[in-house]
Amino acid sequence: MSMQHVKTLGALMRRELWENPGTFKWTPAIIAGLTLFFIVVALAIGARFDAELAFTLDAIRTFAQEPADQRRLFMAGALYSSSALLFQLMILLVLFYLAGCLYEDRKDRSILFWKSLPVSDHMTVASKLLTACLLLPAFYLIAAFIVHLVVLLIATGYGLAAGVNPITTFWLPSALPRLWLVIALGLIVQALWLLPIYAWLMFCSSWAPRVPILIAIAIPLGVSLLQHAWSLLSVFGFPDFNIGLIMLMRFGTGLVPTNLDMQVDSTAHRADFTDVQFSEELFMNFSTLFGHLLKPEMWIGVVIALALLAGAAWFRRRATDN
Amino acid sequence: MSLTIRARNLTRHYGRTHALDGVDLDVPSGRIVGLIGPNGAGKTTALKAILGLTSFKGELEVLGLNPSRQRDRLMQDVCFIADVAVLPRWARVWQVIDMTEKLHPRFSRERCMYYLKNTKIQHKQKVKTLSKGMVVQLHLALVMAIDAKLLVLDEPTLGLDILFRKRFYSNLLNEYFDEQRTILITTHQVEEVEHILTDLMFIKDGQLILNSTMDDVHERYVEVMAKPDRVEEARALGPLHERVLFGRHIFLFDRTDLGSLGELGEIHRPSVADLFVALMGDEYDNGLAGEAAA
């Protein structure tokens, strides 16, 4: 990978940013704004019921006396949940972005302009994938940082009013550098975990004659229905292997940076809470992140993704305006 | 003399239609080639094959590269404009220029600005707010600012006013074209390009019916406006095409003895448009010319 390749990738990724300002800039800005708006409204309503804020300030003073690990647990929970909506909607937007990324320019014929530039089809596919896995999450991460900072600033105001030290009560227990690093790494591991689904959408986007997102959903849905129908007819039971459910499971067991870190023992059909520690580690931590990287399912998924991406590049090479 | 395009038995089928049917082609560098044909004759398919935008059977080399496998490398030296403006509609003018500059090593911003100087295009405008003509102007400015060896123009001036068309072709000839470059043009406005072409190709049903230099064309085809009393005589010589203008019969001949033709009437050099009609067969005619051309 030469310097020229890096420059080309950079230019191509900037193009994606220009093409989709709604997905990259406005959506995270609006969600962050709404989140903060609802927090302020909730506080204002609270202030109405609690004249002079007596109960609120009392609660803050009590909170300041709590043991350190309890404060860390609470702050991590508050900050994770304040940015939860951002990262959940991000996944949805990534899916729509990927479904359209190799389709839109075929539809409006601008593919003829893009193909007149000395950029290989592999490079094009790579730029769109990296945009979805790194660039797009980066914008939502920045929005999350801003939400976290504003939440902490509001808390600081309340803390000062309650006469507690906001640094030791709110800021230090939040451990922002650790929190942000774990979320950032979490987004990367999550992208890697969802890579087969991302690649499937790009694959459909590269050849679908119209509405690639519907085609991307209809194919696994149709296959699962056929599987179900066949196995109900042949063995009077549900199939052991179902592509649609496997794809849904992939989402369910993904690690949106708000998922609680509990190992659910699915064969025992009950949640196993024995190892759960009630500390900030409950939400997300480095060891579970890297634990995901050791799972064989992770790397099987990556291999499937690579095959689908090669398919997307193959179709892209043959794609023109009709 | 090095070949810019070399094709042998170039073939492309869409189902049962033969978009290209065994085309052999040699285009040396330093030429301006006009590829002329009716709609659906295979012009666009031929251009797409040359640009690596479609798969094909047979041999094809453009600047020594295989277009379908090495498109990205080929595009360093080839520029093209498709039949309608295809610039991304969501982009702003400065973004399009910026992207081309970043992605094309042979692009010169100064030259692009020079060509845009005389237009009404604003840098902050979005492409979708530009008129059709302005989009074409922008695209032409981008393409002419690239130092390419082969320029492919598919109906480049469609939808442009006559002033801009004139200026475009004069720019193309005076400022862009030189011995090192090759220009391949398809257009319906034959009369506008015929005096700048060095080579002429007619394509019909996926086959080249004419492939020669303009000099050869001028040497080979003659048009005779027959004297009223010599019409039957001229017809007997087996012209390619016959038409009537102001009551005078005009015959188009392929390499007949000029001496004897001179006696039949006035001799003219046929225009490309007349030659086109003669060789392609006028589908609106009563079959007379069609049979003659076949």
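This is a predicted model, so every value here is computed, not measured. Just so we're on the same page: letters track the sequence lines, and every chain starts at 1.
In this structure, Glu19(A) CD and Arg89(B) CZ are separated by 12.5 Å, a value rounded to the nearest 0.5 Å. Atom CD1 of Ile111(A) sits about 8.0 Å away from atom CG of Leu53(B), to the nearest 0.5 Å. Rounding to the nearest 0.5 angstrom, the gap separating the CG atom in Leu112(A) from the CZ atom in Phe80(B) is 5.5 Å. Of the inter-residue distances, the one linking Asp72(B) atom CG with Arg317(A) atom CZ reads 10.0 Å to the nearest 0.5 angstrom. The CE atom of Met99(B) lies 9.5 Å from the CG atom of Leu12(A); values are rounded to the nearest 0.5 Å.
Side-chain atoms of Arg92(B) never come within 3.5 Å of backbone atoms of Trp18(A) as a donor-acceptor pair (strictly under, hydrogens ignored).
Counting heavy-atom pairs closer than 4.5 Å to chain A, the top-ranked of the candidates Pro105(B), Cys79(B), Ser68(B) is Ser68(B). Counting heavy-atom pairs closer than 4.5 Å to chain A, the top residue among Arg69(B), Gln95(B), Arg106(B) is Gln95(B).
Shortest non-hydrogen contact noted between Val119(A) and Arg71(B) is O-NH2, 2.9 Å. When all heavy atoms are compared, the tightest approach of Leu87(B) to Ser110(A) is C-CB, 4.2 Å. When all heavy atoms of Phe113(A) and Val96(B) are compared, the closest pair comes out as CZ-CG1, 4.0 Å. Residues His104(B) and Leu117(A) approach most closely at CD2-CD2, 4.2 Å, considering heavy atoms. Minimum interatomic distance between Met75(B) and Lys115(A) (heavy atoms only, all atoms of both residues): CG-O, 3.5 Å.
Heavy atoms closer than 4.5 Å to chain B are found in both the backbone and the side chain of Arg15(A).
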